[in-house]
Amino acid sequence: MQAHQRMLDPTPNGLHSGESPLLQTRGLTKRYGDFLANDSINIDIWPKEIHALLGENGAGKSTLVKSIYGLIQPSAGKILWQGTPIALSGPSEARSRGLGMVFQHFSLFDNLTVAENVALGLDGKESFKDMSARLEQVSKTYGLPLDPKREVWQLSVGERQRIEIVRALMQDPKFLILDEPTAVLTPQEADQLFIVLERLKAEGRAVLYISHKLEEVKRLCDTATILRGGKKVDTCNPRLETAASLARMMVGGEIKEVKSASGRKTTVPRLVVNDLSLAPAEAHGVRLEHISFELKGGEILGIAGVAGNGQDELFAALSGERLSKDPGTVVIEGIAAGHLSITQRRKLGAAFVPEERLGHGTAPRMKLSENALLTGHAASGMVNRGFIDTSATLKTVDRATETFDVRKAKRDPEAASLSGGNLQKFIVGREILRNPAVLVVSQPTWGVDAGAAAVIRQALLDLATAGAAVLVTSQDLDELAEIADRIAVMFHGHLSEPLATRDATREKLGLLMGGSSLEPKEAAHAVGA
Amino acid sequence: MQLVLEKRAERSNTIALVSPLIAIGLTIVTMVILFAILGKNPLLALHAYFIAPLTDSYSLQEIAVKATPLVMIAIGLSLCYLAKAWNIGAEGQFLVGAVAGSWIAVKTQGTDAGAWVLPAMFVLAAAAGALYALIPAICKVKFGASEILTSLMLVYVADLFLDYLVRGPWRDPHGFNFPTTAEFDPVATVPLLIEGGRLHLGSIIALIVVAAAAILLGRTIKGFEIRVVGAAPRAARFGGFNANQLIILTFAVSGALAGLAGIIEVAGPVGHLQPGISPGYGFTAIIVAFLGRLNPLGILIAGLFLALTFIGGEQAQIAMKIPLDVTKVFQGILLFYVLACDSLILYRFKLVFPNRQVARGAG
């Protein structure tokens, strides 16, 4: 049995001599209907190792860790914990064996305090008072400051993540899984997290770190396992690889570089926002505070910021999904539009691409032609005296398919049947084909494969080159650096002064994302905190 | 080994068409068991329910007469349900339409008023049904009140109001104290299509309503709006469609159709206003709407099928002494199976063998 396992072991690089792996999977397979989410995956996690799980969206990373954590039952294969095969009945058994996990989407109750939330996640043998004391002690030990008595809705996303991490650490796990933890953090917050992870490693624990950010993985991780299309591509030492070679393994080919046409000329202001303030529509929403900016034709303005700082509210106010009492707060093509509906704003030449593809940008269970009609009915000649011109809607689908390389099984499938990247290309294409004067787009490449992301970024650049004004909200700073001319940062409903992209260093943006101003004194303070 | 429901990658269009048939099949199996428990011969009972009514002209006409209100109401309800606005009170809107239309008939009684009477009754009935349906719709939009509860509760208000009228102010003085109005004048009566038969003009109106709904939903931007508001509310708002306006509109249309069906029933087959003019058409139409997949043509077929159960229920009562309530049981079981089978559109059954994993590991 032992010899057999040695033979299968893919990483006998001498690094772990004298120790045995903490966790192994052998032929781990998860099947959903005909779809193989994980196909015979072998992976070894050693103590004192930060092991990266790299892959594009849909590569099978989440499925793999859910199997390991007992959230789903694998269809075939086995999991060995310290050399013995285990079959986990669920996450609580995983926790009792020493596995912990921090999810990408937090499971916290907004109206409860930090301590109450932690208590709910533990198996509750100690008193609430003892637990609170232990919580403070753990958070202090690891440099994860938390006030146990604060209610969760008052906390930033970074602080919420700390709760999840502390909750996992309070069970003293030997093995901790983190699912894309830096997606919601500022660069500075991410640095702090890396210090914590290094410390966990030094204590002899193992960390499985899911990410698609290559630089991060190179910096932090000792080993990287790359998944693509449900299969393991390779296990390597990320420090010996280049970002490009890792990307090739992830994508399975070269990624086209985005080309920016030099000498883009800015023209007249096409989208102007004047002192826009708006109370939130929902209970714990963000209030927009005196937002002003001017966006000219031929220009791309990027809006950075940690999720939940008012980006969604700003999108709704710009699109007209929420109206402003004062018409002058939003000016589209020189016309005061704050009080106009989304249809009227589209007629002025504006187009919008929301963050959520399914359910917001498209009706998932409707055909692409119907989803073309969804935004096209305003101003594209698709409707004649109340009757739908089906050939016009289908023509839009065909043109978007051709221009933006949308891959689909038939001419006019349901939106939900497309992959994320192809659907996003369709949505962006649908709007760009209307030749908008202003395009407001939120998270254009969120959860999209690298190939599609390149196509979409190129389309945004080309649109600006053609003279449109483009506003891009994104959490991905690399994306903004690549396409935006200027970058502003949203924090607590405020929008900073835009910086020219060449001056917008990660440090500066990070400070703004954390709520500091760029005054030298305050900046120093923020870094120390 | 265990049986699990597994989500399909895409919705199955085949199952969407077949699911009502599976539901009918399962209902019939259940009914066979029920008949056997009641001590009746299941085969004879099924014959009385489903075959006998199709064998003579009178019953065939009667099926069309019963299907007319069911189809008209169900078309209106399908517009609401497609927009995810839950109008459960069509029965009340039906009764209010019947009452409002009857008002003209009662007031013009014996005055030899002229040919305008019947069209005026139709218009008033539709308007009254629409206004009555607007009460729950406006409460929903303005105050967030559940339209399911308010529309249902208004059924009983309409029922008792009708009861009061025919026992009080509108009672036929020569009616031996029966709670009913006098027979309507010929100008206030829906004309028959076949002399001496049962089939009347209302069935033609129902067919026109079906065709209009098919065009509305399939070809127009308003129909698209209704479907997208129901299917993806946030996307609909992004598309510039106002869900609240649509709740008001679909309730009004649905109420108008129910009200129109009400006056057609009163001025047609019944001939006067009395309590119990509806054997629950407004509720049975909910089953018709879902059995017909909220599709106009499907609703036409489903309406005819449910009408068959009404007639068959009467036949079975006469021929085999099966209680008439069994028809309601039948309709309830049918709705249950229709909704249950609909989960097969998005899910499928799968057998899971947990021991396969062990077998693989050992090999």
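- Residue A:Lys30 places its NZ atom among more than 12 non-hydrogen atoms of other residues, nucleotides or ligands, all under 6.0 Å distant.
- A salt bridge (Lys or Arg N to Asp or Glu O under 4.0 Å) check over residues 366-380 of chain A, counting only residues at least two apart or in different chains, returns the pairs A:Glu370-B:Arg227.
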Next on the checklist: Does B:Ile221 form a side-chain contact (heavy atoms from CB on, under 4.5 Å) with A:Leu373? I'd like the steps, not just the answer.
Outcome noted: CA-CA 9 Å; B:Ile221 186 77; A:Leu373 182 65; 4.0 Å; yes
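- Within the 4.5 Å cutoff, the side chain of A:Met366 has heavy atoms near those of the B:Phe224 side chain.
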Item to check | Derivation and outcome, side-chain contact (heavy atoms from CB on, under 4.5 Å), residues A:Leu374 and B:Phe241 | outcome: CA-CA 9 Å; A:Leu374 183 70; B:Phe241 304 132; 4.1 Å; yes
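- Taking the six-membered ring where the residue is Trp, B:Phe238 and A:Phe315 present parallel rings, their angle staying beneath 30° rather than reaching 60°.
- A distance of 9.0 Å separates OG in A:Ser319 from CZ in B:Arg237, rounded to the nearest 0.5 Å.
- Residue B:Leu216 does not touch chain A at all, counting heavy-atom pairs closer than 4.5 Å.
- Applying the side chain to side chain contact (heavy atoms under 4.5 Å, CB included) test to A:Leu323 and every residue at least two apart in sequence or in another chain returns A:Arg345.
- More than 12 heavy atoms of other residues, nucleotides or ligands lie within 6.0 Å of NZ in A:Lys408, so this atom counts as buried by the packing criterion.
- Applying a 4.5 Å heavy-atom cutoff, the residues of residues 354-364 of chain A that approach chain B are A:Pro354, A:Glu356, A:Gly359, A:His360, A:Gly361, A:Thr362, A:Ala363, A:Pro364.
- Considering only heavy-atom pairs separated by less than 4.5 Å from chain A, the leading option among B:Ala232, B:Gly223, B:Ala235 is B:Ala235.
- A search for side chain to side chain contact (heavy atoms under 4.5 Å, CB included) contacts involving B:Ile24 returns B:Ile28, B:Leu291, B:Phe305, B:Leu334, not counting sequence neighbours.
- Here the CZ-CG distance, from B:Arg219 to A:Asp389, works out to 8.5 Å after rounding to the nearest 0.5 Å.
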